[in-house]
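Since the structure comes first, as structure tokens, the remarks are kept for the end.
Whatever order the structure lists ligands and atoms in, that order sets their numbers, starting from 1. Atom set for the values below is all heavy atoms of this structure, side chains included, hydrogens, waters and symmetry mates excluded. Please read these numbers as outputs of a predicted model, since none were measured by experiment.
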Amino acid sequence: MTTEAMTRPIVTIVQHIREQQRAFPTATGDLSWILSGIALATRIIQSYVRCAGIVDVLGSLGKENVQGELVQKLDIVANETILRCLAYRDIVGIMVSEEDDEPTIVKSPAEPGKYTVLFDPLDGSSNIDVNVSIGTIFSVLRYRDDVPESEGALPHCLQPGVQQVAAGYVVYGSSTVLAYTTGNGVHMFTLDPSIGAYVLHTDGVRMPDTGKMYSVNEAYLDSFPQGVRDYLAWAKTEESGGYGLRYIGSLVSDFHRTLLKGGVFLYPPTAKNPGGKLRLLYEANPLGFIAEQAGGAAMDFKGRVLERQPDSLHARTPLLIGSKSEVDRVMEFMR
Ligand code: P6P
């Protein structure tokens with residue numbers, strides 16, 4: 001007997017991106033070329049993630065890679081993999097990584113490229129030692145056309161999130177799931193290890209508009225803004241209808257659950273991180289783009305996070321992201 005899934009066509013991410021292109025003539029082949037490079041890089045990263053956990057949990061097995069080198073720190077492997085997969089896609093001119101202080105310029109001024117790709121190659125990698133899901137987050141900006149050559153790379157990187165032309169994440173969980181948007185909805189794929197390809201499973205992901213789930217590290221409660229403390233106190237009352245708390249401590253995992261199940265994720269300003277802990281350019285902006293494209297919302301507890309003007313590559317921001325009505329409720333308490 002065949003189930004519906006057995007008869008559903010198999011759509012790989014490359015096919016899907018091409019179909020997106022046909023539907024939106026303005027989307028040139030460029031984005032599909034970048035997204036397929038990211039799909040390749042994350043397929044390689046997931047193969048390391050799947051075995052690195054074993055290495056970390058059992059201590060060092062002295063495992064060597066093909067070059068005969070000891071397996072390096074996983075973040076570095078992920079970072080190098082993305083750089084190598086994207087550097088030869090001739091439209092990518094600049095890459096910004098959480099792992100590197102400065103941007104990597106992959107094109108000379110003579111052939112400057114057209115896009116900046118910003119990424120956190122492996123967010124939450126401290127969790128790998130205890131086998132908790134971790135993820136890769138990416139954001140794509142088009143070069144600004146109003147910046148003289150002499151200004152260098154930074155102006156093409158320090159753009160507000162509303163300028164993103166694509167964004168997404170990969171969560172290396174019980175399965176490897178990739179979600180991306182180019183501004184026409186959120187599309188989600190699962191890596192089928194038997195064929196080594198990402199296969200479409202949800203076209204047009206919608207975030208539930210409500211969700212009685214909040215995700216926050218309440219250890220910092222005393223240093224949260226008063227409005228956040230008031231909201232968290234309200235959520236524990238009968239009147240709220242009873243909220244649950246889920247906090248994995250891995251941003252991509254906490255966000256992925258919020259996207260699918262609804263609710264709200266909060267990383268407010270704290271005494272330790274008064275400007276917030278999460279990074280604006282390659283964590284908050286890409287996840288904020290995904291959240292809004294799925295019908296949710298993303299704020300920095302003051303305003304829309306995608307409208308913030310970044311002042312530095314590794315700028316941090318507070319983040320309030322999730323179901324629209326839940327985010328609005330927190331903002332009500334903030335007011
Ligand atoms: P805290 C992981 O280190 C990370 O950058 C995010 O993935 C996660 O959401 C956050 O930090 C957790 O921070 O302060 O709750 O441990």
### Query
Taking side chain as C-beta onward, heavy atoms only, is I94 less than 4.5 Å from T104?
no

### Message
Set out, in order, the CA-CA distance, both residues' side-chain angles and the distance that settles side-chain contact (heavy atoms from CB on, under 4.5 Å) for L122 and T136, then state yes or no.
### Response
CA-CA 5 Å; L122 210 55; T136 296; 4.1 Å; yes

Numbering the atoms of ligand 1 from 1, which are under 4.0 Å from a heavy atom of [X]?
X    : result
Y267 : 1 (P), 13 (O), 14 (O), 15 (O)
Y247 : 1 (P), 12 (C), 13 (O), 15 (O)
D123 : 5 (O), 6 (C), 7 (O)

### Query
For ligand 1, is any non-hydrogen atom under 4.0 Å from N217's backbone (N, CA, C, O), its side chain (CB onward), both, or neither?
side chain

### Query
Based purely on interatomic distance, does L251 place a nitrogen or oxygen under 3.5 Å from a nitrogen or oxygen of ligand 1?
yes

### Message
Does either side chain, that of Q15 or that of R18, offer a donor lying less than 3.5 Å from an acceptor on the other one?
### Response
no

#### Entry: For atom 2 (C) of ligand 1, the option (of S250, G124, A219) bearing the nearest heavy atom
G124

#### Entry: Ring centres under 6.0 angstrom apart (F189, H201)
no

### Message
Quick check: closest heavy atoms across G263 and T258, and the distance to 0.1 Å?
### Response
O-CG2, 3.5 Å

